[in-house]
Undergrad: 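Pasting in a structure now, in structure tokens, and then I'll have a few things to ask.
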Amino acid sequence: MDKYVTIEEFRELRKKLFTDEHPHTLGEYEGVQLDSGICEMMDELKSFKVRADDCWIVSYPKAGTTWVQEIVFCAMHDGNLQEVNKTHTKLQVPFLEHSMPEEVRRLKNLPPTHRIADEMPSPRVIKSHLPGQLLPPQIWTKKAKIVYVIRNPKDLMVSYFYFENLLNLKGAGLPFEEYLEYRNSNKASEGSWWDHYLYFWKRRHQPNVLLLRFEDLKRDLRGNVETISRFLGKALSAKTLDDITEHCSFDNMKSNPMINPDYLLSTDERPGRSFMRKGKSGSWKTHFTVAQNEAMDALIKEKLHGTGLTFDH
Ligand code: PPS
């Protein structure tokens, strides 16, 4: 993407989004709520040409996408961190369905993201938050590698709550109680987290799928860096695995201007308002009331009953 825009230009274009002129609105595509702009692209995305040597990072938002994406990108580049740090990760890893509105892109002749991805050399790392059934069908016939990330849905709620407020998305401004109701309904963007999770949970044993948990990355980052590298067919040295682990620690990712999305997304610069917010497991404990926790437990039980998918407390 850096062939089309510099980091500064991207930042300037991005400032125009989610304002009164370009508010964040949702539409519906095949029964799933998505950003209106994404709905308009969806028919075209179905014929997106997937390559067998792609690695896709797929997730429900706020599950740990950026973290896993960075590990994958580093491993794909054999741990060459100089190469990895050359430009911002957001310009190196196309976010398949996410393009700025045409009138904004036109200011810099920036094509939609999927067309830029079409031109990128192999091997590509591609990010998507689309639910499995809406991903380009070739992802299954070409057997591209897919790393799918899940996170305790309670922490996902907290992280998404702050994110929607940070970027002025559809759910911004709602009190936490109402936000929980919104995000736990089919009216939320990207559909319900449980449908999203279960699509990949059911496919987790397919050889081209690696399902990871945010909580496991927190417990053992080095081990997960190794698992991801092996999945990508990379036999990296212990030193390289150590370096990637260090590069992908929360503090390093937050302080690395080529990773932390704050600058690119033109987020609110007040202290404490950051994409890289806390990076912890269990944040929900300081946000949920006892009643909210009970309601969420009941929902998790109802939606995941009989699937084998559970979450630590
Ligand atoms: S997005 O917008 O969907 O791409 O967001 P996503 O990247 O999926 O999730 C953002 C949350 O992941 C946390 N994060 C990390 N945690 C620990 N270590 C590292 N290295 C790391 N990188 C990102 C980020 O802080 C968000 O979680 P919260 O709980 O809001 O802090």
Side-chain angles (χ1 to χ4, degrees), residues 24 26-35 38-39 42 45 55-72 93 95-98 125-136 139 146-167 169-172 174 179-204 209-218 224 261 275-284 287-288 296 299-300 302-304 307-312:
H24 185 232
L26 299 181
E28 189 175 309
Y29 188 85
E30 296 186 2
V32 181
Q33 298 290 315
L34 298 169
D35 295 17
I38 296 178
C39 288
M42 283 307 296
L45 288 183
C55 182
W56 290 61
I57 317 300
V58 183
S59 61
Y60 197 82
K62 313 324 288 178
T65 330
T66 315
W67 195 5
V68 169
Q69 171 187 317
E70 192 60 26
I71 301 170
V72 168
V93 176
F95 183 177
L96 180 81
E97 65 272 18
H98 221 277
V125 179
I126 300 177
K127 159 181 171 173
S128 179
H129 288 317
L130 289 174
Q133 74 277 14
L134 297 184
L135 285 167
I139 206 167
I146 304 168
V147 184
Y148 187 77
V149 202
I150 60 175
R151 184 178 190 183
N152 184 327
K154 294 179 190 171
D155 281 337
L156 197 87
M157 296 292 133
V158 174
S159 184
Y160 217 159
F161 171 75
Y162 284 104
F163 184 69
E164 297 220 30
N165 281 293
L166 185 71
L167 294 192
L169 303 181
K170 186 75 185 166
L174 294 175
Y179 185 77
L180 283 180
E181 276 168 32
Y182 162 70
R183 188 48 56 201
N184 279 319
S185 75
N186 285 327
K187 296 203 167 57
S189 54
E190 299 89 23
S192 64
W193 59 263
W194 57 88
D195 287 332
H196 208 291
Y197 280 14
L198 288 174
Y199 185 93
F200 277 94
W201 178 252
K202 288 177 192 152
R203 290 163 177 79
R204 70 192 183 284
V209 175
L210 176 66
L211 186 137
L212 299 175
R213 288 173 182 261
F214 183 97
E215 295 75 20
D216 287 341
L217 276 110
K218 284 299 294 179
N224 278 277
F275 179 97
M276 301 284 299
R277 202 182 55 87
K278 298 272 185 205
K280 293 196 170 137
S281 303
S283 265
W284 64 268
H287 286 77
F288 280 58
M296 192 78 194
L299 181 78
I300 293 173
E302 177 202 332
K303 299 299 179 188
L304 303 185
T307 65
L309 176 58
T310 55
F311 295 94
D312 294 348

Undergrad: Would you compute the distance between atom CD1 of Ile126 and atom CH2 of Trp56 and round it to the nearest 0.5 angstrom?
TA: 4.5 Å
Undergrad: For the atom pair OH (Tyr197) and CG (Leu309), what is the distance rounded to the nearest 0.5 Å?
TA: 8.5 Å
Undergrad: Looking at Phe200, I'd like to know if the NZ or CZ of Arg204 sits under 6.0 Å from its six-membered ring centre while staying within 45 degrees of the ring's axis.
TA: no
Undergrad: Distance-only, no hydrogens or angles: does the Lys218 side chain make a donor-acceptor pair with backbone N or O of Gly279 under 3.5 Å?
TA: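 Such a contact is found between Lys218 side chain and Gly279 backbone.
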Undergrad: Report the residues that fulfil side chain to side chain contact (heavy atoms under 4.5 Å, CB included) with Ser159, sequence neighbours left out, ordered by chain and then residue number.
TA: Lys62, Arg151
Undergrad: Could you work out, with side chain to side chain contact (heavy atoms under 4.5 Å, CB included) as the rule, every residue matching His24, not counting sequence neighbours?
TA: Phe18, Leu26, Asp35, Leu169, Lys170
Undergrad: Can you confirm whether more than 12 heavy atoms, excluding those of Lys187, are under 6.0 Å from its NZ atom?
TA: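 No, because the 6.0 Å sphere around NZ of Lys187 holds 12 heavy atoms or fewer from other groups.
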Undergrad: Hey, what do you get for CG (Asp155) to OG (Ser283), rounding to the nearest 0.5 Å?
TA: 5.5 Å
Undergrad: My understanding is that only residues two or more places apart in sequence, or in another chain, count here; which of them pass side chain to side chain contact (heavy atoms under 4.5 Å, CB included) with Phe288?
TA: Lys154, Met157, Val158, Phe176, Leu180, Trp284, Gln292, Asn293, Met296
Undergrad: Indicate yes or no: at least one non-hydrogen side-chain atom of Lys278 is less than 4.5 angstrom from one of Tyr162.
TA: no
Undergrad: What orientation do His129 and Phe95 show, parallel under 30°, tilted 30 to 60°, or perpendicular over 60°?
TA: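 Rings of His129 and Phe95: perpendicular, over 60°.
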Undergrad: Does the Glu215 side chain pair with the main chain of Asn152, one donor and one acceptor, at a distance under 3.5 Å?
TA: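 A pair under 3.5 Å: yes.
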